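Values in this document were obtained by computation on a predicted structure and should not be read as measured data.
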Amino acid sequence: MILDKDKRQIILDTETTGLYANAAENPDRLIEFAGLEMMNRQLTGRNLHLLIHPQREISEEATAVHNITLSQLVDKPIFAQVAQQIFDFIKGAELIIHNAKFDVGFLNAEFARVGLPNVETICEITDTLEMAKNLYHGQKNSLDALCNRLGVDRSKRVFHGALIDCELLSEVYLGMTRGQFSLMADWEDEDENSEINQIVVQHTFQRTGSLKVVLANEDELAAHEAILADLDKTVGGSCIYHADLIDGKSNEPLSEPEPEDDDSDEDELENI
């Protein structure tokens, strides 16, 4: 996969008052939005994090998950006041979301109330839950499980929270997609006559066909024999090296190897 360096990706998560964005009566609402911008597989530092007053109560079950109460949102804006800000932030980006149907469903319901189009019409959506199901078929693929599987530190995640979940998801996404990107991707768009390619061509390795053998001199041989003598004393007999000599194995110096067949060079190049 070739990486588009100019493509904006937004790691996105939301928290809500409950599970039902499209309930006929008193539908659940968005109370927290977080988006972290990523480009070229690196977080840019351009983020959007908002707490939002839902104009309704928060279910006890939801508070038990994210630890956000209505009293914490008394002075926060309602969605209509931040809708355009969220819309402009995500427009044109690829959204990276874990269980995207849930978050996109809530965003679409909120956008519809203020006359803005659905998320799918302005963004590409990548669901990391679906990615994980394909990668780790039959295994648990919650965000916590993926953090454990991929070695992502989640020690700061006591409760679910949109911002901390985005930070964890960014690392999980990078971990799951690492194998899709070539280490040579940065070179793909280099001109054939670029300096990099010229260097590669100029430094092509040429094998000479033989190796030079450097023999030990008299001093080095004497030092070697001294070490062997010490080994003989230690084992109370002849060490393996001397035993081999006694058995009649040659102690003649190594001769220069015969030149290798040229076809071996081609075999090695194919294995690079």
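Shown here are the ring pair (Phe, Tyr, Trp, His ring centres under 6.0 Å) partners of F89, two or more places apart in sequence or in another chain: there are none. Residues forming a side chain to side chain contact (heavy atoms under 4.5 Å, CB included) with S170 (at least two apart in sequence, or on another chain): I11, M38, L43. Remark: D88 engages no residue in a salt bridge (Lys or Arg N to Asp or Glu O under 4.0 Å) (not counting sequence neighbours).
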Cut-off 3.5 Å, no hydrogens considered: what does the side-chain donor-acceptor table look like for residues 95-106, sequence neighbours left out?
residue: H98; atom: ND1; partner: T128; partner atom: OG1; Å: 2.8
residue: H98; atom: ND1; partner: L129; partner atom: N; Å: 3.4
residue: H98; atom: NE2; partner: N141; partner atom: O; Å: 3.0
residue: D103; atom: OD2; partner: T14; partner atom: N; Å: 3.0
residue: D103; atom: OD2; partner: T14; partner atom: OG1; Å: 2.6

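N108 contributes a side-chain N or O that, together with a main-chain N or O of V119, makes up a donor-acceptor pair within less than 3.5 Å. Of the possible polar contacts, none joining the E94 side chain to the I125 backbone as a donor-acceptor pair under 3.5 Å is found. In terms of modelled atom types and a separation under 3.5 Å, the side chain of Q81 and the main chain of I78 share a donor-acceptor contact. Distance alone, capped at 3.5 Å, is enough to place a donor-acceptor pair between the H66 side chain and the T16 backbone. Put simply, the side chain of E171 never gets that close to the backbone of L168: no donor and acceptor are under 3.5 Å apart. At distances below 3.5 Å, at least one donor-acceptor pair connects side-chain atoms of D153 with backbone N or O atoms of S155.
Residues P54 and L30 fail the side-chain proximity criterion, which asks for heavy atoms closer than 4.5 Å. Contact annotation: the side chain of I86 approaches that of L50 to within less than 4.5 Å [non-hydrogen atoms, C-beta and beyond].
Listed by first and then second residue, the salt bridge (Lys or Arg N to Asp or Glu O under 4.0 Å) pairs that reach into residues 213-224 come to none, sequence neighbours excluded. Listed by first and then second residue, the salt bridge (Lys or Arg N to Asp or Glu O under 4.0 Å) pairs that reach into residues 52-64 are D28-R56, sequence neighbours excluded.
The cationic group of R113 does not satisfy the cation-pi geometry with F79, failing either the under 6.0 Å distance to the six-membered ring centre or the 45° limit from the ring axis.
With rounding to the nearest 0.5 angstrom, the NZ atom of K91 is 9.0 Å from the OG1 atom of T121. From E225, atom CD reaches atom CG of L228 across 5.5 Å, with rounding to the nearest 0.5 Å. Note that CG of L146 is 5.5 Å distant from CE of M176, once rounded to the nearest 0.5 Å. Taking OG1 of T126 as the start and CD of Q9 as the end, the distance is 7.0 Å to the nearest 0.5 Å. How far CG of L73 is from CD1 of I52: 9.0 Å, rounded to the nearest 0.5 Å. Between atom NE2 of residue H49 and atom CZ of residue F33 there is a gap of 10.0 Å, rounded to the nearest 0.5 Å.
Counting heavy atoms of neighbouring residues, nucleotides and ligands inside a 6.0 Å radius, atom CZ of F87 exceeds 12 of them.
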Checking T177 against R41 for the side-chain contact (heavy atoms from CB on, under 4.5 Å) test, could you report, in this order, the C-alpha distance in whole Å, the side-chain angles of both residues, the deciding distance, and whether it holds? CA-CA 10 Å; T177 58; R41 294 180 63 79; 2.8 Å; yes
Pair R149, Q139 - check side-chain contact (heavy atoms from CB on, under 4.5 Å), show working. CA-CA 10 Å; R149 190 172 300 139; Q139 300 183 54; 3.4 Å; yes
Just do the side-chain contact (heavy atoms from CB on, under 4.5 Å) check on L12 and L107 with the steps written out, would you? CA-CA 11 Å; L12 188 150; L107 283 171; 4.2 Å; yes
Could you go step by step and tell me if K7 and E124 meet the salt bridge (Lys or Arg N to Asp or Glu O under 4.0 Å) rule? CA-CA 11 Å; K7 184 176 185 178; E124 177 185 350; 3.1 Å; yes
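Between D13 and C166, the shortest heavy-atom distance links the atoms N-SG, 3.4 Å. Between I68 and T63, the shortest heavy-atom distance links the atoms O-OG1, 3.0 Å. For the pair I122 and P117, the tightest heavy-atom approach, listed with the atom from each and the gap, is CG2-CG, 4.5 Å. Heavy-atom minimum distance, A62 versus G18: CB-N, 4.2 Å. When all heavy atoms of R154 and N148 are compared, the pair lying nearest together is NE-OD1, 3.0 Å. Across all non-hydrogen atoms, the minimal contact from C123 to G92 is SG-N, 4.3 Å.
L174 and Y136 fall within the same hydrophobic cluster, where Ile, Leu, Val, Met, Phe, Trp and Tyr residues are linked whenever their side-chain heavy atoms come under 4.5 Å apart, directly or through other members. By the criterion of side-chain heavy atoms lying less than 4.5 angstrom apart, applied directly or through intervening Ile, Leu, Val, Met, Phe, Trp or Tyr residues, L163 is not grouped with L48; the two fall into different hydrophobic clusters. By the rule that hydrophobic residues join a cluster once side-chain heavy atoms approach within less than 4.5 Å of another member, V152 and L169 end up as members of one cluster. One hydrophobic cluster, built from ILVMFWY side chains closer than 4.5 Å, holds both I10 and F111. When the side chains of ILVMFWY residues are joined at heavy-atom separations under 4.5 Å, either directly or via intervening members, M131 and L143 end up in a single hydrophobic cluster.
Using a 4.0 Å cut-off between charged nitrogen and carboxylate oxygen, R29 and E15 do not count as a salt-bridge pair.
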